[in-house]
Number of protein chains: 2
Amino acid sequence: MPDKANSLTIGGLAKAANVHVETIRYYQRRRLVPEPERPPGGIRRYGPADIERLMFVKTAQQLGFSLVEISDLLQLEDGAHCQEASALAEHKLRDVREKIDQLGRIEKVLGEMVEQCHAHPDNITCPLIASLHEGGNGGNDQRERT
Amino acid sequence: MPDKANSLTIGGLAKAANVHVETIRYYQRRRLVPEPERPPGGIRRYGPADIERLMFVKTAQQLGFSLVEISDLLQLEDGAHCQEASALAEHKLRDVREKIDQLGRIEKVLGEMVEQCHAHPDNITCPLIASLHEGGNGGNDQRERT
DNA sequence: ATTACTTCCGTAGTCAGCTACGGAGTCAAG
DNA sequence: CTTGACTCCGTAGCTGACTACGGAAGTAAT
């Protein structure tokens with residue numbers, strides 16, 4: 001595993017990945033990110049790979065994954081045995097596709113709403129809730145109300 | 001907004017929406033879901049619209065929205081004035097599209113991984129982290145890849 | 001080699017989002 | 001008209017994910 005230039009201290013890493021130092025330590029305790037060797041009586045150093053990993057954790061969180069789930073995903077990144085890995089990957093893939101699907105429905109309805117608002121600026125409602133269980137149908141329902 | 005048959009007690013509603021009774025009460029306190037009138041010295045009744053609303057909250061949570069954000073989204077559902085509503089909708093639309101984009105990248109890499117595993121079942125790693133900033137879209141975030 | 005800033009590490013506190021508890025009231029069934 | 005399940009309501013406790021605190025020790029610039 002190549003670290004090009006592990007030159008950052010934990011403070012620099014935190015700045016680079018846009019998280020707090022204490023968050024990094026917390027993730028180290030949780031084994032979400034590796035804790036590099038401490039040179040005898042010295043200070044740990046970090047590199048670009050650590051920045052990436054932290055940013056991945058943050059992004060995955062925004063997508064609704066818990067730290068436990070993220071740790072699963074990172075096991076795939078880190079290389080696991082194929083059998084278990086592929087089972088996990090397939091499971092996560094279903095999760096991800098469902099999320100994409102639901103977000104797609106929300107996107108559609110929000111988009112329609114914005115258009116409607118531009119078209120005639122009255123009061124308007126947005127059938128967001130209904131969007132989530134509209135069957136695979138791509139039906140264009142544009143219900144409006146004043 | 002017509003409720004066809006508001007016949008459920010809070011317990012039935014909880015079962016129907018697959019949440020705990022106490023969660024419903026909590027959401028009522030937070031004004032995420034309405035608290036129906038209590039008939040003098042009686043018990044509140046709920047209908048299908050309440051089930052839908054609860055399920056929407058749960059789904060949105062799994063997609064990474066906080067309860068505050070969900071309450072914003074529900075304001076759109078409930079009908080707000082066009083000007084503010086459309087600003088909010090546009091903002092949320094950007095959020096949603098970004099989430100879809102990121103999930104799409106993760107999906108792609110997970111999918112590839114599953115295939116690879118089926119192809120030759122050795123140890124394998126999955127460039128999940130890198131997937132999130134693979135160019136091709138969105139534009140303004142760059143970091144050179146090796 | 002003194003000063004000012006970090007790092008390190010452990011423990012404790014915070015905030016969001018529930019979840020449990022307890023006592024009084026309601027209601028359908030027997 | 002009692003029993004047992006459930007509702008109502010307030011308050012307290014819990015879990016996940018941080019965030020803050022404090023003291024010793026490392027490090028960089030003067």
Side-chain angles (χ1 to χ4, degrees), chain A residues 3 5-47 50-51 53-75 95, chain B residues 3 5-47 50-51 53-74 95 99:
Chain A
D3 324 285
N6 278 19
S7 54
L8 294 168
T9 67
I10 198 170
L13 174 60
K15 223 162 273 171
N18 198 33
V19 299
H20 295 298
V21 169
E22 295 308 319
T23 304
I24 297 174
R25 286 201 216 287
Y26 176 69
Y27 288 172
Q28 290 175 337
R29 265 175 264 143
R30 300 269 314 233
R31 302 287 162 89
L32 278 168
V33 303
E35 183 165 9
E37 277 304 307
R38 186 181 177 184
I43 280 183
R44 283 180 248 274
R45 296 288 170 168
Y46 301 86
D50 298 298
I51 303 175
R53 198 165 171 111
L54 283 172
M55 296 201 308
F56 178 81
V57 172
K58 280 294 158 195
T59 304
Q61 265 189 314
Q62 283 162 24
L63 297 173
F65 293 101
S66 70
L67 292 188
V68 169
E69 291 172 315
I70 292 169
S71 133
D72 288 351
L73 287 170
L74 286 172
Q75 277 179 42
D95 282 5
Chain B
D3 323 285
N6 279 17
S7 53
L8 295 167
T9 67
I10 198 170
L13 174 60
K15 223 162 274 171
N18 198 34
V19 299
H20 295 298
V21 169
E22 294 309 320
T23 304
I24 297 174
R25 286 201 215 287
Y26 176 68
Y27 288 173
Q28 289 175 336
R29 266 176 262 142
R30 299 269 313 233
R31 303 287 164 87
L32 279 168
V33 304
E35 183 166 7
E37 277 305 307
R38 186 181 177 185
I43 280 182
R44 283 180 249 273
R45 296 287 170 169
Y46 301 86
D50 298 298
I51 303 174
R53 198 166 172 109
L54 282 172
M55 296 201 308
F56 178 82
V57 173
K58 279 293 159 197
T59 304
Q61 265 188 317
Q62 283 162 24
L63 297 173
F65 293 100
S66 71
L67 292 188
V68 169
E69 291 172 314
I70 293 169
S71 136
D72 287 352
L73 287 169
L74 286 172
D95 282 5
K99 280 175 199 249

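These numbers were taken from a predicted model, which means no experiment stands behind them. Keep in mind that the numbers below use all heavy atoms, side chains included, and drop hydrogens, waters and symmetry copies.
Atom P of nucleotide D/dA12 and atom CZ of B/R29 are separated by 13 Å, given to the nearest angstrom. For B/Y26 and C/dC15, the OH to P distance is 13 Å, given to the nearest whole Å. Across the protein-nucleic acid pair, B/L54 atom CG and C/dG17 atom C1' stand 15 Å apart, rounded to whole Å. A/L67 has its CG atom 16 Å from the P atom of D/dT15, to the nearest Å. Rounded to an integer number of Å, the gap from CG of B/L8 to C1' of D/dC6 is 14 Å. Straight-line distance from the NZ atom of B/K15 to the C1' atom of D/dT7: 14 Å, rounded to whole Å. For A/Q28 and D/dA17, the CD to P distance is 17 Å, given to the nearest whole Å. Computed from coordinates, the B/I24 CD1 to C/dG17 P distance equals 17 Å when rounded to whole Å.
Out of D/dC9, C/dC18, D/dA17, the shortest distance to the side chain of A/S66 is found at D/dA17. Comparing atom distances between the B/R44 side chain and each of D/dA20, C/dT19, D/dC8 picks out D/dC8 as nearest. Closest approach to the A/I10 side chain among C/dT7, D/dA20, D/dC9 is made by C/dT7 (side chain taken as heavy atoms from C-beta onward). Counting only heavy atoms from C-beta on, A/R30 has its side chain closest to D/dA17 among C/dT11, D/dA17, D/dG10.
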Under 3.5 Å, which protein N or O atoms sit close to an N or O of nucleotides 23-29 of chain D? Give each pair with its distance.
none

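Taking side-chain N and O atoms only, B/R25 has no distance below 4.0 Å to OP1 or OP2 of D/dC9. OP1 and OP2 of C/dT6 both lie 4.0 Å or more from every side-chain N or O belonging to A/T9. The phosphate of D/dC18 has OP1 or OP2 within less than 4.0 Å of a side-chain N or O from A/Y27. Phosphate proximity of D/dC18 to A/Q61: present, with a side-chain N or O under 4.0 Å from OP1 or OP2. OP1 or OP2 of D/dC18 lies within a sub-4.0 Å distance of a side-chain N or O belonging to A/K58. For D/dT19, the OP1/OP2 oxygens have a side-chain nitrogen or oxygen of A/T23 closer than 4.0 Å.
A distance-only check finds no donor-acceptor pair linking the side chain of A/Q62 to the backbone of A/T59 [under 3.5 Å]. With A/Q75 contributing its side chain and A/D72 its backbone, the two residues share no donor-acceptor pair below 3.5 Å.
In terms of heavy-atom proximity, A/R53 sits nearest to A/V33 at NE-CA, 3.9 Å. Contact detail for B/P34 and B/D50: the closest heavy-atom pair is CG-OD1, 4.0 Å. Contact between A/L67 and A/Y26 at its shortest, heavy atoms only, is CD1-CE2, 3.8 Å. Scanning all heavy atoms of the two residues, the minimum distance from B/Y27 to B/L54 falls at CD1-CD2, 3.7 Å.
When heavy atoms are screened at a 4.0 angstrom cut-off, A/E35 is found touching the sugar-phosphate backbone but no base atom.
For the pairing with A/V57, the side-chain contact (heavy atoms from CB on, under 4.5 Å) check across A/L74, A/L73, A/V19, A/T23 returns one residue only, A/L74.
When the side-chain hydrogen bond (donor to acceptor under 3.5 Å, both in side chains) test is applied to B/E22, no partner is found at least two apart in sequence or on another chain.
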